[in-house]
Structures are given as C-alpha cells and as structure tokens.
There are 2 protein chains.
Amino acid sequence: MTERNERTARRGNRQDTRQKVFRAAVELIAEHGYAATTVDAIAERAGVAKGTVFYNFGSKEGLFEALLEHSINMLAEALSDADTGKSALDALDSVVLGQLRFFEEHGAFARVLLAEMWRTVWQEAVALLRQSALGVYASVLRRAAANGEIRADLDVETAATAVFGMVLTVAIERRALYPDRPLERTHATLVELLHGRIN
Amino acid sequence: MTERNERTARRGNRQDTRQKVFRAAVELIAEHGYAATTVDAIAERAGVAKGTVFYNFGSKEGLFEALLEHSINMLAEALSDADTGKSALDALDSVVLGQLRFFEEHGAFARVLLAEMWRTVWQEAVALLRQSALGVYASVLRRAAANGEIRADLDVETAATAVFGMVLTVAIERRALYPDRPLERTHATLVELLHGRIN
DNA sequence: ATCTTTGTACTGACTGGTCAGTTTAAAGAG
DNA sequence: CTCTTTAAACTGACCAGTCAGTACAAAGAT
C-alpha cells in the first residue's frame, strides 16, 4: 500500500490532486468548521470531482485526518527549525517567532487547530501535536531549566502548552483584528510577557 | 386521573426547563461541537420534548446565542471579582487564578469557547467576550503600565488576549490530562511564566 | 360550587431538505 | 492494461424546524 502510494506520488498527478483538495479543505473548514463543511463544497473549490475526494481519501474523516497529520508535521518542522539561539531562552523567543510566522502563512490551519483539535475524534492528531510541536517547546524549556535560565522545578509540560496556546490565540486575533501590524511588535509583546523583560 | 397527577408533579416552570436545556446543550456541544450536536440529542438529555427547545429558544442558533451570552457574563463576573491585589501585577495573578477556577468548574464551557468563539456567526458573542472578560485583563495591564509595574509601551490588547488564551488552553489540558493535580501548581507555573519570577 | 374561557408551557409525529457515500459509464495518462 | 479522474444520478440516513393538539392553572361567569 505504501509502496504503491510512493510510486504514484512520483508520477505527480495524484499528489497534485491531493494538494488541491487539502488546500480547499483547510480553507473551508477554517471558515465553517469540520462538521459544517460538505465534501461537495470541498470538491467544488478544489476544482475536482466529488468522487475523486473519496477515491483519494476514502472518507471525509480520512481526508481530515490526512490533513491534520500533514499540517501538524509542517508546523513541527517549522518550530524545530526555529529552535536556535545562544541561550535556551533566546531559543524560546525564536520558536515563538517561528510559530507566529507559521500561522501568519497558514492562518486557516491555525483556526482549524484551535477549533477542532480538542475533539476526541482526532485523538491521534492531538497525540502527534503533543509529541512534535509541543515537544519543541518542552525541549527548549527543559534545556533552559538545566542551564539554570529558569527555575528547575517549572512544570515543563504545562508551560509548553501555555506558550503554545498563547501564541496560537494571539496569532488568530492578529489576523482577524490587526492584519497590518508588524509581526515583530506582536512578537515583542509576547517576549516581554514571557520572561522578565516585562519590567 | 393518575396520568394527570404524575404530569402535574413532573411539570416545572419555564425557568426550570430553560435551565435543563442549557445544561444539556453545554455538555453536548462541549463534547461534539455546535454543528455536530442535534437538537434531538439536547432535548433527550434535558428530558424534554424537541418542540420545547424551539418553544423556548426559537432556533438552535437562538439557544446557542443565549447560552454563550449567559456563560460569557458569568465568566466576566468571575474575572472581575478576582481583580484584587496590592499591586496591579498581584491583581493579574488573581485574575489568572480566577479564570483557572472558573474553567475548573465550567470545563464544558471552556471547550465550547475554544472551539466556537472564532466563528463569524457568533460575532456578537465575541464582541461581548472582548469587552467583558478580555476587558478585565486589559484593565489590569493598563493599571500596571500606569504604575510602572510593566513597560508603559506594552501592547495591552494583544497581551490581554495572550494571557486569556494561555490560561484557557492550559485549563483545558489540565482537565483532560492532569485532573488531579492541584490547581495551585498550574497557577504557579503560569505566574512564573508571566512576570519575571521565571528565573 | 360548577362551567367556560384564556394564556402558557409543552408534546411528538411529520416534513422538506441536506449530505456522506455509492454507482456507473466513460475517458485520459503512463 | 492499470491507475486515476470525471460527471451525474442516486440512496438512505439524519436533522432543523413546524404544527395540531394536550395539559393545566387562573380568571371570570352563572
């Protein structure tokens, strides 16, 4: 099964279709939510026949699962790439900026994440998110604790979730309310809130 | 007649009915989301006929709007009550704790908020949330800025959203993953993240 | 006291529409 | 030939909203 997918992927056609369907689905689900988005609408926006969606993804749920997995992996990669800096706290700043930038580019996915990731149906995707994207934050915070940059007894998992949720919320509000404000200003506010530079 | 008497005994007034429907709706929508929750299911869980829901709330949307407004007002009141402390930063801590406690008690509403508040359909509710609940955070932060407790040029609106989103995310994760951990530990982690006590 | 009316709350069977998923026949591409 | 896509019709389940009717308390009316 995997072999066949890889082979056909190299051929190009199938991958294009999947990409188009992905993009259409993300946009529509971001606008209306998963349950309120119809497969007919996705197919229409993707410029593809309805049957093609089922041929490629099996079901609406299968499509969304593939979508989540793909997007979460992209997000995790972006955060991981941003994880650089002299100190661990510098790295934290960079990862926050990386997350802001990612959601600046993939705002629809930000809304999908916020709206859908808590549903028990997508438990698998949540687990992936936790170990990949949230894992990057946890790793940075653990390093900071080891270096004595933050209190060693800080609850790393909770803190990682806190920072992630904070940035996610702000990124969505940014796009909705202040789309023209420079990203750096938003980033500076978060950094000030985050460690001591607040006063 | 026996049947009549039983009915009379079971019969409640309008407030009771609305209350029952409210509770059922919050629970179900928290579990499955607005779009995936059927009025039939709400009526069944409330122990009420389907028609009663429409009689009392006009439409599924009307029910949800009433629900959002009521819950947001309760949240805003809780945050407002928690807004006390010697310094503005102490007040910030208290409000964070107030929000954690509120969502500890109304966890279902926390998930509803996270999942639904960004949809354009509920724009009115979002506006209410912004001016009431988020307004409490903004007010605290403005006071802190005026007192020189934080940098005067901090972007108050963004910071308010950031803190609110942070606490909301953490509160949901807490209930899902660490329901038995003392609330104070979660609160301490957030406070450390929030101002300088991090190191 | 007993009957009649009125307003309010509630009921549940029913309707009209929507939507995921299927089927089919045909066609394009490697 | 096999894989992929298309268009269009179709099925069957599901669901928001409706409506005719019931239950009953309170307020006259006789």
Side-chain angles (χ1 to χ4, degrees), chain A residues 1-25 27-29 31-68 116 119 121-122, chain B residues 1-25 27-29 31-68 116 119 121-122:
Chain A
M1 206 196 290
T2 314
E3 276 174 38
R4 198 185 60 190
N5 284 342
E6 281 169 8
R7 201 168 359 103
T8 51
R10 251 179 264 118
R11 271 221 297 267
N13 229 344
R14 184 169 196 188
Q15 201 63 318
D16 282 355
T17 303
R18 286 176 71 98
Q19 211 67 25
K20 280 192 296 181
V21 173
F22 266 19
R23 214 181 353 250
E27 287 172 14
L28 286 167
I29 294 173
E31 280 169 44
H32 311 111
Y34 171 79
T37 300
T38 68
V39 175
D40 292 78
I42 293 171
E44 192 190 337
R45 176 157 324 182
V48 135
K50 185 182 185 178
T52 307
V53 176
F54 287 97
Y55 179 79
N56 278 277
F57 298 101
S59 66
K60 186 186 175 186
E61 206 171 297
L63 160 61
F64 193 56
E65 271 161 15
L67 183 66
L68 278 181
E116 307 288 346
R119 306 249 170 109
V121 195
W122 321 122
Chain B
M1 280 182 183
T2 319
E3 205 180 323
R4 262 192 211 164
N5 289 339
E6 278 171 11
R7 278 193 158 282
T8 312
R10 245 183 286 116
R11 199 186 170 86
N13 61 17
R14 195 172 213 252
Q15 263 331 310
D16 283 355
T17 303
R18 283 178 72 98
Q19 209 70 18
K20 281 192 295 181
V21 173
F22 255 66
R23 216 184 349 252
E27 287 172 14
L28 286 167
I29 295 173
E31 278 169 45
H32 310 110
Y34 171 79
T37 299
T38 67
V39 176
D40 291 79
I42 294 171
E44 193 191 336
R45 176 159 319 185
V48 134
K50 186 181 189 177
T52 305
V53 176
F54 288 96
Y55 177 79
N56 279 278
F57 297 99
S59 65
K60 186 186 174 187
E61 216 173 276
L63 162 60
F64 193 55
E65 270 160 17
L67 188 66
L68 276 182
E116 308 288 346
R119 307 251 170 107
V121 194
W122 320 123

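Sequence lines set the chain letters: A, B, ... in the order given, protein chains first and strands last, and positions in each chain run from 1.
- Taking the nucleotide of DNA chain C with the nearest heavy atom to each of A/Gly51 and A/Asp40, the more 5' of the two is matched to A/Asp40.
- Distances shown here put every side-chain N or O of A/Tyr55 at or beyond 4.0 Å from the OP1 or OP2 atom of D/dT5.
- A/Lys60 has a side-chain polar atom (N or O) that falls below the 4.0 Å cut-off from OP1 or OP2 of C/dA20.
- Rounded to an integer number of Å, the gap from CD of A/Glu44 to P of D/dT6 is 14 Å.
- Judged by distance alone, with hydrogens and angles left aside, B/Lys50 brings a side-chain donor or acceptor within reach of the base of D/dA16, the pair sitting under 3.5 Å.
- Within the 4.0 Å cut-off from OP1 or OP2 of C/dT11, at least one side-chain nitrogen or oxygen of B/Thr52 is found.
- Taking atom CG of residue B/Leu63 and atom P of nucleotide D/dA16, one finds them 11 Å apart after rounding to whole Å.
- Within the 4.5 Å cutoff, the side chain of B/Val53 has heavy atoms near those of the B/Leu63 side chain.
- Rounded to an integer number of Å, the gap from B/Phe57 CZ to D/dA16 P is 15 Å.
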Working note: A/Leu67 + A/Phe57, criterion side chain to side chain contact (heavy atoms under 4.5 Å, CB included); need CA distance, chi angles, decisive distance, verdict. CA-CA 10 Å; A/Leu67 183 66; A/Phe57 298 101; over 6 Å; no
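- Going from atom CZ of A/Phe64 over to atom P of C/dG21 covers 14 Å, rounded to whole Å.
- Taking atom CG of residue B/Leu28 and atom P of nucleotide D/dC15, one finds them 12 Å apart after rounding to whole Å.
- Toward the 5′ end of DNA chain C lies the nearest nucleotide of B/Gly47, the other residue of the pair B/Gly47 and A/Ser59 mapping further downstream.
- Here the CZ-NE2 distance, from B/Arg119 to A/His32, works out to 9.5 Å after rounding to the nearest 0.5 Å.
- Formation of a donor-acceptor pair under 3.5 Å by the B/Lys60 side chain with backbone atoms of B/Tyr34 is found in this model.
- Contact annotation: the side chain of A/Asn56 never approaches that of A/Val21 to less than 4.5 Å [non-hydrogen atoms, C-beta and beyond].
- One atom, CD1 of B/Ile42, and another, P of D/dG17, lie 11 Å apart when rounded to the nearest Å.
- B/Phe54 has its CZ atom 5 Å from the P atom of D/dG17, to the nearest Å.
- For the OP1/OP2 pair of D/dT5 and a distance below 4.0 Å, the side-chain nitrogens and oxygens of A/Thr17 include at least one atom meeting the criterion.
- Atom-to-atom, NE2 of B/His32 to P of D/dC15 comes out at 11 Å; the value is rounded to the nearest Å.
- Within the 4.0 Å cut-off from OP1 or OP2 of C/dT8, not a single side-chain nitrogen or oxygen of B/Asn56 is found.
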